[in-house]
Novice: 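Sharing a structure here in structure tokens format.
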Amino acid sequence: MKKSLKIVSFLMLTAVLFTSCKSKMATEKSSFSKGADVGWLPQMEATGYKFYDTDGSEKDCLQLLKDRGINTIRLRVWVNPNDDKASGHCSPEETVVMAVRAQKMGMRIMINFHYSDSWADPGKQNKPAAWAKHSFPELLTDVYQHTFDVLQLLKKAGVTPEWVQVGNEIPGGMLWPEGNTDNFNQLAQLLNKGYEATKAIDSKIKVIVHLDEGNKSEKFRWFFDKATENKVKYDVIGLSYYPYWIKTDYQSTILDLENNMKDMASRYNKEVMVVEVGGDYTLVQNTKEMLEATIKAVKSVPDNKGLGVIYWEPQGEKSWSGYQLNAWLPDGKPSPALDAFKE
């Protein structure tokens with residue numbers, strides 16, 4: 001009898017611990033995402049760049065980011081990139097290596113598909129060279145297969161990303177000219193192929209559609225009204241927010257960003273996320289306050305529909321990258337601006 005009671009007690013304790021672990025994992029997954037896009041990191045390391053903590057000790061860049069509250073890593077992937085230091089790399093294979101490394105450090109993963117061989121953004125959405133002469137039906141297959149193949153590579157390596165971004169800053173569409181917003185029906189089909197390929201890998205992955213200038217409500221309403229009209233499938237509205245590029249201080253646009261996110265969440269019943277943000281590395285306090293205000297704005301979206309904030313290339317120190325909106329100091333140490341991500 002006593003033996004039976006011991007067995008029952010053991011089983012009950014095991015069930016409680018299992019339930020507790022599941023609950024903890026669910027909470028971690030649903031927690032606010034504080035992220036960094038670090039596509040340049042492998043190349044920085046390959047060229048000998050060293051990262052240091054505030055005490056001068058050399059450390060892994062990802063550990064430095066994690067110590068400052070970063071829990072998410074966003075990685076861009078290009079189709080057939082060249083080996084240029086700053087505008088190449090980020091191949092599917094290199095992306096897998098970085099994703100595995102970040103996941104081993106407990107990071108959540110977002111994969112950002114540019115559907116290009118190099119940068120895709122509002123000013124350029126160039127097709128990969130291998131797809132350049134393909135017909136529109138062939139492009140639909142290309143988008144599906146490339147998305148599926150990259151995510152399958154990741155899955156085989158033990159990584160299933162939490163989010164997948166289909167296209168990068170696409171207010172004018174992607175894969176021009178076929179996927180231009182002038183022909184929104186074709187753009188919708190391309191986006192849906194990315195969505196379908198992602199869900200074929202794992203239905204729980206959230207698919208993001210991403211525009212720039214997150215403070216501009218009219219741009220977002222126009223695009224996502226057209227997306228609704230053309231039956232685009234997605235889960236999350238991604239926004240970029242760079243006061244620097246629109247030549248304003250964050251204080252004059254942060255309320256516009258907040259109101260736009262709230263409008264997007266209610267108007268389309270979608271979650272929202274600032275997937276790119278950055279400030280001038282020389283203005284440490286201003287950038288820190290901008291990040292704090294951005295995080296607060298995202299968290300203010302009702303019903304926990306504001307998912308997180310991701311800094312674009314914080315480790316991309318100016319002497320290496322030439323990029324003004326990094327968040328790193330010339331001595332190889334993280335900028336105190338990143339402390340905004342700490343609890």
Novice: Does either side chain, that of Glu317 or that of Asn326, offer a donor lying less than 3.5 Å from an acceptor on the other one?
Specialist: no

Novice: With a 4.5 Å limit on heavy-atom distance, are the side chains of Leu139 and Leu190 in contact?
Specialist: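 The answer is yes; the side chains approach within 4.5 Å.
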
Novice: Check whether the side chains of Tyr115 and Thr147 place a donor and an acceptor atom closer than 3.5 Å, and report yes or no.
Specialist: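 Present: a donor and an acceptor within the cut-off.
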
Novice: Tell me yes or no: between the side chains of Asp142 and His134, is some donor less than 3.5 Å from an acceptor?
Specialist: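 Distance-only check passes for Asp142 and His134.
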
Novice: Has the side chain of Glu162 got a donor or acceptor atom that lies under 3.5 Å from a matching backbone atom of Arg108?
Specialist: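 Judged by distance alone, no pair lies under 3.5 Å.
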
Novice: With ring centroids as reference points, do Tyr234 and Phe224 lie under 6.0 angstrom apart?
Specialist: yes

Novice: Show your reasoning for whether salt bridge (charged side-chain N to carboxylate O under 4.0 Å, His left out) applies to Glu196 and Lys233.
Specialist: CA-CA 9 Å; Glu196 290 160 11; Lys233 294 179 279 190; 2.9 Å; yes

Novice: A cation-pi test, strictly: NZ or CZ of Lys318 under 6.0 Å from the centre of the six-membered ring of Tyr281 and no more than 45 degrees from its axis. Yes or no?
Specialist: no

Novice: Determine the sole option in Arg221, Lys270, Glu271, Lys305 for which the side chain to side chain contact (heavy atoms under 4.5 Å, CB included) test with Met264 is passed.
Specialist: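 That would be Arg221.
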
Novice: For a 4.5 angstrom cut-off between non-hydrogen side-chain atoms, does Ile73 reach Leu62?
Specialist: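 Answer yes - side chains close enough.
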
Novice: Please determine, by modelled atom types, if Trp320 and Thr47 share a side-chain donor-acceptor pair under 3.5 angstrom.
Specialist: yes

Novice: Does the side chain of Arg76 reach to within under 4.5 Å of the side chain of Trp40, using non-hydrogen atoms?
Specialist: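 Yes, at least one pair of side-chain atoms sits under 4.5 Å.
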
Novice: If we only count heavy atoms from C-beta on, is the Phe113 to Val150 side-chain gap below 4.5 Å?
Specialist: yes

Novice: Determine whether more than 12 heavy atoms belonging to other residues, nucleotides or ligands lie under 6.0 Å from atom NZ of Lys104.
Specialist: no

Novice: Just wondering, are more than 12 heavy atoms of other shown residues or ligands nearer than 6.0 Å to CG in Asn304?
Specialist: no

Novice: Under a 3.5 Å cutoff, is there a donor and acceptor pairing between the side chains of Tyr241 and Thr253?
Specialist: yes

Novice: Just wondering, do Ile246 and Glu213 contact through their side chains at under 4.5 Å, heavy atoms?
Specialist: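 Yes, their side chains come closer than 4.5 Å.
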
Novice: Is the centre of the Trp312 ring less than 6.0 Å from the centre of the Tyr242 ring?
Specialist: no

Novice: As a quick check of understanding, evaluate salt bridge (charged side-chain N to carboxylate O under 4.0 Å, His left out) for Lys50 and Asp331, giving each step before the final call.
Specialist: CA-CA 9 Å; Lys50 305 294 185 185; Asp331 60 5; over 6 Å; no

Novice: So do Asn71 and Ser33 actually touch side chain to side chain, heavy atoms under 4.5 Å?
Specialist: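 Ser33 reaches Asn71 side chain to side chain.
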
Novice: When you check the side-chain N and O atoms of Glu138 and Ser135, is any donor under 3.5 Å from an acceptor?
Specialist: yes

